[in-house]
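Within every chain, numbering begins at 1; the chains are lettered A, B, ... in the order of the sequence lines, protein sequences first and strands thereafter. The model shown is predicted, which means the values in this text are computed figures rather than measured ones.
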Amino acid sequence: MSLPLFIVLFKKNWKILLIFAVLNIFYMSAIALMATSEMMISSMDFLNMGVNQKLIADIDIAVSITSSVFQGMIMYIFIMVYYVIMAGRLVHKLVDNSSITGYLTAGVSRTKFIITSAVWLISSVFALYLIVWAVSAICLLTYGSFNFGWWTVVHIVTFLCSLSVAMISFAFSAVFAGTKQGSTLLSGIPIAFAVLMMLGSYIKFFKWLAPFGWVDSAKLAEGNFPLWWVYLLIYLAISAIAFVYTVIAFRKKQLSI
Amino acid sequence: MISVKNLTMKYPSGNAGIFDIDFVVNAGEAVGFLGANGAGKTTTIRCLLGFMKGQKGECTLFGRECFLHAPKNMLGIGFIAGEPSFPEDMTGLEYLNYLQKERGQKDLSRMNELIKYFEFDASKKIKKMSKGMKQKTALVSAFMHDPSLYILDEPTSGLDPLMQQKFISLVLEEKAKGKTFLISSHIFEEVEKTCLRVIFIKDGRIATQDTVENLKKSQTQTFVVSAENAEKINISGAVKTNLSESECEFSIASSHADSFIKELSKHTIIGIRIKEQTLEDAFLNLYQANGGNA
């Protein structure tokens, strides 16, 4: 890993991270604070987000709704958009416009370059989750005490789920960098996962084709998902395999820059 | 310093690429690398810098294989790309500072010297810079770490004549210190002033390589002859162009110069002058003789 390069990546991308952090804080706090309102639960039902229809002003239900929305919107939409943009900016765009030459001529090896970019991607997605976790926990605490441990587990598992898809997107960004298919694949695959997850509400099989659909975060928040650690390991394995493959493939890649 | 042996790099899309490229650049030498657009100059340079790996043959810099040892090689190279592209969100100075940190260079005096020399305003964002300003960024970044080898692709593209002159002076200064240069350029005057030897590449193959002097001599020589009834003079083996009633131009192969002059002496000659061949003439002759596009 190269520290000067990491600093450059931070300076280049912190504004995007900030925008997504603000967006997530706003959305998550609004959801957490509104989780018990009748209107909100009806809306959730309308959007087919799998929320329990019992309209009870109870902290457990609030946690359940917040975690459902968290998994449904925060992870699928906002954070996915963030890491798709980031995966493209970190490698594909740089190869496409040849500006990666400016880094490689400095003597940074391809391995260092790709590892540093991946570290930035992972740490920035982690930072987003950390912010979301802190904000939502503070908001939920206004209702009363809840199982903080399980709430944290939801975030850890969801973070790793996002990470596995982010690393797949990153792999496509690096392997297909500079090609016409590059941007389509790096954004298309995560979107396809999200679509499969949504279709999974109607045909269960689809749910199993996308990493997003493997864990029920509402059940997990309630502590009713005993196999969560298996999925945690699966997500970790996917991330690790995607990362190692990216490094190996990028090292061998012919760069027409 | 640079060694390329039977290097072949074909692009999957078609026939373009380089085929059996073979050349050596010794330490302390300045070599021009010339060819028409699409001849294979940039592809060769990409292989030298380790951005691409040839399917056949090998290339080495400082005795190290180019693709495998690219990061190590880069520290000893000053490189200017044909179309310089940088991380656009940075200012020129931020980029140069990044390079200096990444290269582990502690002394900034050379960098500041070059900024002053090229009258470069490094405080601007790169994306807002003109082509000439971006070229100055490339020049400072290539020379600031005092490398022993320079690979320069169109180094003065976008620079005004004054800056082009400054660049030539800088190259000559570095050359005097024993630095090695491989310069690809379409400005032949610049190559003639800085390089002793030239490699011509055509359709992905080395067409010829020789010293600038030999290349100029080995090409067609042109004599402008003034004589009474000049239009009536005909000499076998010479291509004649009548310029006026009393003046005509003869183009002959250099090897026929002796017989041409002997034949010419049989006529009453008022004056004769040799039209000086330039590297550009050599380039055009090479391309036009083989029906290529220059």
Portion of A:Ile100 that has a non-hydrogen atom of chain B nearer than 4.5 angstrom: neither

Contact class of A:Thr111 relative to chain B, heavy atoms under 4.5 angstrom: neither

Among A:Lys252, A:Lys112, A:Arg110, who wins on heavy-atom pairs under 4.5 Å with chain B? A:Arg110

Counterpart residues, salt bridge (Lys or Arg N to Asp or Glu O under 4.0 Å), relative to B:Glu29 (two or more places apart): B:Arg197

Under 3.5 Å, is there a donor-acceptor pair between the side chain of B:His145 and the main chain of B:Leu99? no

Salt bridge check: are B:Glu174 and B:Arg110 linked by an N-O gap of less than 4.0 Å? yes

Are the charged groups of B:Asp146 and B:Lys179 less than 4.0 angstrom apart, N to O? yes

Only pairs of heavy atoms separated by less than 4.5 Å count here; which of B:Lys101, B:Met90, B:Lys53, B:Glu94 has the most with chain A? B:Lys53

Does the ring of B:Tyr117 carry B:Lys166 above it, NZ/CZ under 6.0 angstrom from centre and within 45° of its axis? yes

Which atoms of B:Arg103 approach chain A - backbone, side chain, both or neither, heavy atom under 4.5 Å: both

